Amino acid sequence: MNDIRKRKQCDVAIIGAGPAGIGAALALKKAGVNDIIILDRETTGGGVPRHCGHRPFGLREYTKIMTGPQYAQRNVEEVHRAGIPLSLRTSVTSLGPDGTLDYVCPQGRGKLSAKRVLLATGTRETPRSARFISGDRALGIYTTGALQSMVYLKQMVPFYRPLVIGTEIVSFSALWTCKKAGIQPVAMIDERSRPAVAWPVFYASHYFGVPLLTGCSNITIYGKARIEGVRVVDQHGQQCDFSCDGVLVTGCFTPESILARLGGLTIEKNSGRPLTDRYGRCSNPIYFAAGNLVHQPVKVAGKCWQNGKTAAKRIAKDLDSAGG
Amino acid sequence: MKTNANNPAPSAGQGSIIASGDVAIIGGGVVGCAVARRLTLEGASIVLLEKAPDILDGASKGNSAILHTGFDAPPGSLEWECVQAGHKEYLEIHESLGLPLLKTGAMVVAWTREEEQRLAGVLEKGLLNKVPDLRLLTRQQILELEPNLDHSVRAAIHIPREFVIDPWSAPLAYLLQAVENGGQAVFNAEVTGGEFDGSHWLLKTGRGLVRATYVINCAGLYGDFVDKDVLGASDFTIKPRKGQFVVFDKAAGRLINSVILPVPSKRTKGIVLFPTIFGNMMVGPTAEEQDGRDDASTDKKTLTMLADKGRKMLPALAEMPVTATYAGIRPATERPEYRIRQDGDRNWITLGGIRSTGLTAALGIARHVHTLLADQGADFIPLANPVVPQVPNLAEHLPRDYHTPGYGEIVCHCEMVTQREIQAALEGKLPAGSLAGLKRRTRVTMGRCQGFYCSARLAELTAGKFQEPLARKISHE
Ligand SMILES: Cc1cc2nc3c(=O)[nH]c(=O)nc-3n(C[C@H](O)[C@H](O)[C@H](O)COP(=O)(O)OP(=O)(O)OC[C@H]3O[C@@H](n4cnc5c(N)ncnc54)[C@H](O)[C@@H]3O)c2cc1C
Ligand SMILES: Cc1cc2nc3c(=O)[nH]c(=O)nc-3n(C[C@H](O)[C@H](O)[C@H](O)COP(=O)(O)OP(=O)(O)OC[C@H]3O[C@@H](n4cnc5c(N)ncnc54)[C@H](O)[C@@H]3O)c2cc1C
C-alpha cells in the first residue's frame, strides 16, 4: 500500500472511498487530473455498499446488476486500475481553511495540502439517543447499518426477534437483512400515520411476515441487561406490548458532516449538511461535497457516483483555469 | 464467564472461602473504589465485592462529573468536609494516576431579578464554607467570559475552582491502585448475608464466602438493603432520585468554557449546562423521585425539555446535533445528608446516602473511613512505596492513544478509539467485564453514531469476553 505520509501536497484530496468519492476520482482521472488521492478511514474501501448484501447495485456504472459488496469491490478495483492512490485506515481529523487536511493513520499523524478537497463522507442513520426514544438503555439496540455490518461483514447477529422502528426504504432493506440472517422481527412500527415509502409496503411486510403498525406514539423500550420488550400506543389509542430481544432503529438519515462543521464550512440549519452550490462547492471555495453527505433525501449509490462525477468536472475546470 | 486472578472461578462453590482480608468493601461504585485505595495505601489488605461484572454499576455510572468545591454544601456538615478533602486530594493525585482535569470554573447565573437577589445568599454561604475565591460578576463580565450565553443573563457568582473530571477513569484508577498494591476485587459477587463471630466477618456472596475483620458497606443505591440483609436493620431508606441528561455533539463543546449553574432552590442544584472532559456539551440533570433503584430510563418529554432549556441558555445549541442521552440515579435518603454510621461492636461501617457529591467527596470519605477505623483500634502500617498505576487518558484536551503510532486501526471513528486501546481494556488487572464497562474505559460507541459504524467490529473484538455478548455467530443449521 502506498504510504500517504510521503505525500505533502496534491491537486485533489478526496475524503471517503464510497460511491461518490470513487465516482469523482475516476472522473477526475479521465479529465486529466492525475495528482489525486483518496483517503478513507475504514480498512477496506467501497463505503456503505460494502455491507448492503443485496441487489441491485452497479446498473448505471457497470451495466450489470451486483450485490453491494460486489459493487464496492468493483469500485475499488477500478480505482486501482486507474492508478489512483487510495489510502485506507486514514482518518481525516480536521479541515484547514487553505485546504490543508490533518489526518491520522496507524503510522502516525500527518498533514496534506490540496488545491481542492472533495468531501464524500456519506450519511448514516440517526441513533436512538438523538431521536429521544424513551426507555431503558439495555443491550440490543442497533441501526440498520450496524446490523448489516454484523451480518454481511462478520456473519454475526445481535438478536433474533427485534422490533423494527421506521418504514423507510432502508427499513425494508433491514427486513431483508433479517431474513437472510434468520432473524424474525416481531413487528415494524412508525410514529408517522403512513409508511414513509410510497410503494405498497403492506405487501412487503406481508412478504416478510412482519406486522406493520403506523401512527404509534409513546414508544418505550424496556429491559435490564438486554432488551425485553417495547411498549407503544397504537393509532387507536390501545397500548401494545411487544416482547422482543432487540430494537432495530432504521432510517432517519443524517449527514456525516462533522468535518465540515468543525472545519467552519456553512452548515444548513435543519438538514445538517454542508451548504453547496449546484456544482457541489461549499462556502469555502476550496471545498466541494458530493454524494449522500449532501443529498436530502438520500439517494441510491449510482446517483451518488454520478454526483461525484459532476463535482469532479467542476473541480477539473477550476484547476484548469487556475493553470494547475 | 471470564476468570482471572481477581475472579476466582465460580466453581469454587458457595460454601468455601474465596477471599479474605482485613477489610471487605461491599460495592464498586466510586465510594467503594476510593475506600479500597485509601485503606490499601494505609496498609490494610482489602477485598472489594461487586455484584455486577464490572465496577460502577449503580449511582456512579451517570453523573455530571463536576469536581465540587463545596461552596453550596450544608455548612459544617460531614458532606462539606469530605467534598473539600476530596477536591484537594484529587488535585494532588490526578497527574500521577493519569487522570485529567479540565479547569473550567463555574458560574451561578441569575436569569431573573428574583434570582439576582438570591445571589448574595450564595456568596455568603460560599464564604461560610471557606471557599474564599468567589466573586460577583456583572452582566458584562459574564459575557466577556462566555460570549455565547444568552444575553438575558443578569449577574453571576464566579467559582473558579469548580472543575470537570472523567467520572469513570477516576474510580477505575482508585481501584487499580488498590489492586496493584495487593488488593483484591471480586465481581459477580453480590453480598446476600453474613455473620460476625466477635472478631471476624464471614460474608455470603454469589461467588462464595469472604472473611474479613472489618466491613465497609458502600452499596450505594442498595446500602439500606445490605444493612438489612447482613446487620438485620438499617437506619435509613434509599429514596432513588433520577437525573436525566442530554449530551450535545463535540461541535458544541467549544461554545462555553465554564460550568453554568442555576441559582439553587431548596431541593436541588437545578439544571446545569456544562462542558465534558470528552469535549461535549451537556445539559442536566433533572431530579425525579422514583421507586426503582435500577430504573435509569430516559423519556422523550424530559429530554426535549432539557434540550430546550439548554438552547435557551445557549442559543447556538439550536443548530447542534444531540449525541447521547442518559440518566443517573442518586442514592438519596429521607434526610438531606450523608448517612455514615459506625457499628463499633460489629466492626461495620455504612457509607449510605452519598447522593449528589460523591464523585468529588469519595476521596475525602475514604480518609474519614480510615480515621474511623483507626479510632476503633485498627492498626495498619502505611505502604512505604506504593505502586502508582496510570490509567489511559480519554480526555479530549490531552493526548489520546491514537496520537501514538502503531495503534492498529481506529475502531470507533466518532470517539477515535483504537484497537490497541480496546485490547488493553479487555486485559490487565481490572479488565472490562461488560460492554458498559468497556465503553467507560475507552468511550467506544459513545459518540455521535452510537455504534452505526463500529458495532460489528466491536462484536468481533469482544467475542467471548462478556457474559452478555454484543452478537453471536450466525448458525448455519
Ligand atoms: C444502512 C444504509 C443502507 C443503505 N442501503 C442502500 C442500498 O441498499 N442501496 C443504495 O443504493 N443505497 C443505500 N444506502 C445509501 C448509501 O448512502 C449510498 O448507497 C452510498 O453508499 C452513498 O455513497 P457516498 O459515497 O456518498 O457515501 P458512503 O458510501 O457512506 O462513503 C463514505 C465514506 O467516507 C468515509 N469517511 C467518512 N468520514 C471520514 C473521515 N473523517 N476520514 C476518512 N474517511 C471518512 C467512510 O469510511 C466511507 O467509506 C444505504 C445507506 C445506509 C446508511
Ligand atoms: C444525576 C447525578 C449527577 C451527579 N453529579 C455529580 C457531580 O457532578 N459531582 C459529584 O461529585 N457527584 C455527583 N453525583 C453523585 C455521585 O455520582 C454519587 O454520589 C456516587 O456515584 C455514589 O457512589 P456510591 O459508590 O455510593 O454508590 P454506587 O455507585 O451506587 O455504588 C454501589 C455499588 O455497589 C454495588 N452493590 C449494590 N449492592 C451490592 C451487594 N449486595 N453486593 C455487592 N455489591 C453491591 C452496586 O452494583 C454498585 O456498583 C451525581 C449523581 C447523579 C445521579
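Bear in mind the structure is a predicted one, so any value in this text is a computation, not a measurement. Throughout, protein chains are lettered first and strands after them, A, B, ... in sequence-line order, and every chain is numbered starting at 1.
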Please examine the side chains of [Y] and [X], heavy atoms only from C-beta on, and report whether any two atoms are closer than 4.5 Å.
X	Y	result
Phe132(A)	Thr298(B)	no
Arg254(B)	Leu262(A)	yes
Arg109(A)	His403(B)	yes
Phe452(B)	Pro127(A)	no

Chain A heavy atoms under 4.5 Å from [X]: which part of the residue, side chain, backbone, both or neither?
X	value
Thr404(B)	neither
Leu470(B)	both
Thr323(B)	backbone
Ala307(B)	side chain
Val411(B)	neither

Could you tell me the separation between the [atom1] atom of [X] and the [atom2] atom of [Y], rounded to the nearest 0.5 Å?
X	Y	atom1	atom2	value
Cys105(A)	Tyr407(B)	SG	OH	6.0 Å
Leu458(B)	Ser149(A)	CG	OG	12.0 Å
Ile410(B)	Thr93(A)	CD1	OG1	8.5 Å
Met320(B)	Ile267(A)	CE	CD1	9.0 Å
Ser91(A)	Met416(B)	OG	CE	4.5 Å
Asp136(A)	Asp295(B)	CG	CG	6.0 Å

How close do [X] and [Y] get, counting heavy atoms only, and between which atoms?
X	Y	result
Lys269(A)	Glu319(B)	CE-OE2, 3.0 Å
Ala456(B)	Met150(A)	CB-N, 3.5 Å
Tyr142(A)	Ser455(B)	CE2-OG, 3.7 Å

With distance as the sole test, does [X] use its side chain to make a donor-acceptor pair with the main-chain N or O of [Y] at under 3.5 Å?
X	Y	answer
Lys473(B)	Val157(A)	no
Tyr453(B)	Gly145(A)	no
Ser134(A)	Lys300(B)	yes

Which bit of [X] is near chain B, if near means a heavy-atom gap under 4.5 Å: side chain, backbone, both or neither?
X	answer
Arg137(A)	side chain
Gln107(A)	backbone
Phe159(A)	neither

Next item on the list: Against chain B, work out which of Pro158(A), Ala130(A), Gly135(A) has the most heavy-atom pairs shorter than 4.5 Å and name it.
Entry: Gly135(A)
Notebook entry, point to check: Hey, which of His51(A), Arg131(A), Arg261(A) has the most heavy atom pairs under 4.5 Å with chain B?
Noted result: Arg261(A)
Next item on the list: Could you walk me through whether Glu409(B) and Glu42(A) pass the side chain to side chain contact (heavy atoms under 4.5 Å, CB included) test, one step at a time?
Entry: CA-CA 8 Å; Glu409(B) 78 194 61; Glu42(A) 294 293 342; over 6 Å; no
Item checked: Evaluation steps, side chain to side chain contact (heavy atoms under 4.5 Å, CB included), between Arg457(B) and Thr43(A) -> CA-CA 11 Å; Arg457(B) 180 72 176 121; Thr43(A) 50; over 6 Å; no
Taking every heavy-atom pair that is under 4.5 Å apart, which of [options] has the most such pairs with chain A?
options	answer
Ala459(B), Cys454(B), Ala463(B)	Ala459(B)
Ala318(B), Gly408(B), Ala327(B)	Gly408(B)
Gly451(B), Pro469(B), Gly406(B), Ala296(B)	Pro469(B)

Margin query: Whether Lys224(A) and Glu468(B) form a salt bridge (side-chain N of Lys/Arg under 4.0 Å from carboxylate O of Asp/Glu) is what I want to check.
Written below: no
Next item on the list: Give a yes or no on this: more than 12 heavy atoms of other residues, nucleotides or ligands lie within 6.0 Å of atom NZ of Lys309(B).
Entry: no
